[in-house]
Every structure is written in structure tokens, then in C-alpha cells.
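Read the numbers this way: they start at 1 and go in the same order the structure lists the ligands and their atoms.
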Amino acid sequence: MEIASPQPSTDEGSHLALDIGGSLIKLVYSSNTSEPDDKGKQSSKECSGVSNDSNDYPVLGGRLHFAKFETSKINDCLEFISSKQLHRHGRWHHEAAGHDKDTIKATGGGAYRFADLFKEKLGVGLDKVDEMDCLVSGANFLLNAVHPEAFTYINGREEYVQIDPNDLYPYLLVNIGSGVSMIKVDGVGKFERVSGTSVGGGTFWGLGRLLTNCKSFDELLELSHNGNNRVIDMLVGDIYGGADYMKIGLTSTTIASSFGKAISENKELGDYRPEDISRSLLRMISNNIGQISYLNALRFGLKRIFFGGFFIRGHAYTMDTISVAVHFWSKGEAQAMFLKHEGFLGALGAFMSYETHGIDTIITPSS
Ligand SMILES: Nc1ncnc2c1ncn2[C@@H]1O[C@H](COP(=O)(O)OP(=O)(O)OP(=O)(O)O)[C@@H](O)[C@H]1O
Ligand SMILES: CC(C)(CO)[C@@H](O)C(=O)NCCC(=O)O
């Protein structure tokens, strides 16, 4: 399946859309070239200090590119846009308004926060598009048009799922960014943000940085690979002398209290291994999000929960914890699914907002 680029009414061939979040800036842009954007990949790495975050897709007559930068390094992002002249190619002519106005479609809080900076440095305005609208249209587009996109993560295995567009709605979209939004999606443009939590990706990275002195998000995630959460978490077995508490469905290895052991031992922060701290933190936050998501799915009778946002990062332990939490709490009734383009939903939605037609018009079956 090819993703056909929306064709805004512009005389130039390329477009740029942005999702400027609390932690990361996501870019989606099209180009006329049929070559992969190796140059862009390199520049993105150099500018942002973020690795493997740029990839691209063939689209009709060109390619669709994805890149991200840390929001704190917005100047690197501006430099990247400027070096590739994306703001020029991304011009959108508002002929209907009677004058030409150079703007880039942008969503997320940064579309407000950084509007003046874009004007000052690049001479372009940011045409603000609602964040929830963008998340939903990005998710709907991917789930309807792209295969493989959605997958389950069970017992350490990713399994791609073919979604029947006639059997997609309703579903719960959980976007785990700095904070977490939970959105019940009933159709194209039909949705309600039903819940959210401030305990999200920003919490993991923020607390993790303070507790472990890690210098990057990926380093913190990497640490969790080699950690053992039982050193810090208080398990049911720790409370029940090694026994299960099966009367209420809790095995001895279930976490009774995240970080609970840290209160009962005569230890300082420095006595704990950063690996164990990272693992406990990741488990606590992923479990909590999985549980709140399940409760919202239950509230509205939703069977499928799609998780997006860059907190996930395709990370095995994160996906496993979320999947197990949803499975455990729903007694197998609800299923957690993940998205290949996890963090780009909002940016894709903003990109698609250049198009006035429905998503059907931008999907082209591969030849
Ligand atoms: N290189 C990175 N630097 C910082 N955070 C990262 C990185 N990679 C993944 N993350 C995680 O992704 C989260 C941000 O995800 P995302 O980009 O989806 O949200 P956001 O748009 O920045 O946040 P919000 O929507 O709440 O404003 C971070 O809080 C962190 O947990
Ligand atoms: C504020 C947003 C929507 C910004 O992306 C996000 O960070 C979020 O959903 N935070 C959770 C806020 C809450 O519902 O408690």
C-alpha cells in the first residue's frame, strides 16, 4: 500500500506540517524526489541528537518524510527546516481569503508557544490545527490506509493485525506523550476526549532523569533492560511472607506497591542501581496507563485500545507491561494494540489538514 500525499492547491510540490509538543517536535513533510531522504536523516540526527527518528515512505510522485527534534532544541529544528527550505515548499496560498499568506500547518501547544519564533526566524506563520482533531485524523488515516500499521505485543512477539475499515469503530485512542490523552473515536471526525492523566512520558523521563542522572531518554530506556524492579517495588509476596493472595486474584509476584520497598529499607538513593530504578519507574507508569485505559474502555464498552505517542518508542518492556495490564484488568476482554507510526499521529493529522477532502481521496492501492 502506498500513502498518497494529500495534494494541497499550491504551485509547489512539497509540504511540511508540525506537531510541537511539550517534549518533542514532530515533522511530516513531502518531497518530489523518489529517493529516500538520507540527507535529511543525517541532518535530523545531527540537529536533534535524536537517533533513528527519520524515515520516509513513497507517496504518489514523491516521498513522505518523518523526523523529530526535542522541543528544547527548537533552534535545531528551525535550522533543519531552513536548510531544506521546507518552509518555502510548504507555502499554502490562501487565495480564498483574497491574499497570499505563507503558513505552515501546526498542531500541539507549541503552535501557540512558538508562533512568534517561526515568524521571526523563518518568516512564516503557523496555521494552528486542533491537537485532538489531528491525533484522531492521523490515527484514522493510518488504521484505514496503511498496512502493516497496528500490532499486538504478546509474550514478546509483535503481531501485525489487518484492520477491517468497516469494523474499526468505536475504539479508544490513548496518546502517551508528555501527558496522556484518552479519546473515544466513533468515526472520521467523530470523537470525544474522555480522559487523561498527567502521569505520562514526561513523568517517566523527568523523574527518571532526576533519580538516575541519565543524560537522554534512550539511555534511561536502555537502563531498564538490565534492571530488576523487585529490588524496589513491594510485592504481594513481600507483604504476605512469600504467599499469594489468590482470594483477591493476586499472585505473590504482583506489585503491591510501586517503589514500596524504598520506604522500608535503610537505604539512600545512591544504594539503588539506576537500572532497577528505571525498570520500576517504567513499570509503574506503563501499568498505570494500561489500567486507566482499560477502565475507560470498560466505561464505554470498547474492545480495542490503540496506544500512540513517543513514550512507547517501540520498546518491548513498555509494550509488554501495557499489554499485560490491559489483559489482566479486562480478564482478556480488551486488547492493547500499538502503532508503527506511534508518535506521528498529530503531525500526520496536521499534514492531512492541508487537504479539504476525506481520507479516501489520499489512499492509493499499491500498483
Ligand atoms: N528523544 C527523546 N527525548 C525526550 N523524550 C522522548 C524521546 N524519545 C521518546 N521520548 C518520550 O516521548 C514523550 C513525548 O512524546 P510525544 O512526542 O508523543 O509527546 P509530546 O507531543 O511532546 O507531548 P504532549 O502531547 O503532552 O505535549 C516524552 O515525554 C518521553 O517520554
Ligand atoms: C495537555 C496535553 C493535551 C498537551 O498535549 C497533554 O499533555 C495531556 O493530555 N495531558 C494530560 C492532562 C490531563 O488530562 O490530566
Legend entry - Salt-bridge contact Arg230-Asp276 (side-chain N to carboxylate O under 4.0 Å): no
Legend entry - Test item, Gly109 contacting ligand 2 (heavy atom, 4.0 angstrom): no
Legend entry - Single-linkage hydrophobic cluster Trp205~Leu223, side-chain heavy atoms < 4.5 angstrom: no
Legend entry - Any N/O pair Ser195/ligand 2 closer than 3.5 Å: no
Inset, instruction - Return yes when at least one protein heavy atom is under 4.0 Å from atom 3 (C) of ligand 2, and no when none is. - result: yes
Inset, instruction - Kindly identify the option in Phe310, Phe311, Phe217 whose heavy atom sits closest to atom 7 (C) of ligand 1. - result: Phe217
Legend entry - Any N or O of Ser181 closer than 3.5 Å to N or O of ligand 2: yes
Inset, instruction - For the pair Asp233 and Lys261, find out whether any cationic side-chain nitrogen is under 4.0 Å from an anionic carboxylate oxygen. - result: no
Inset, instruction - Answer yes or no: does an N/O atom from Ser178 fall short of 3.5 Å to an N/O atom of ligand 1? - result: yes
Legend entry - Pairing of Arg157 and Glu159 as salt bridge, 4.0 angstrom limit: yes
Legend entry - His65-Ser30 side chain donor-acceptor pair, cut-off 3.5 Å: no
Legend entry - Residue selection (non-hydrogen contact nearest atom 16 (P) of ligand 1) among Gly109, Gly177, Gly22: Gly177
Inset, instruction - Answer yes or no: does an N/O atom from Asp19 fall short of 3.5 Å to an N/O atom of ligand 1? - result: no
Inset, instruction - Give a yes-or-no answer on whether the side chains of Tyr354 and Asp127 include a donor-acceptor pair shorter than 3.5 Å. - result: no
Inset, instruction - Return the residue, atom name and 0.1 Å-rounded distance of the protein heavy atom closest to atom 5 (O) of ligand 2. - result: Glu131 OE2, 2.5 Å
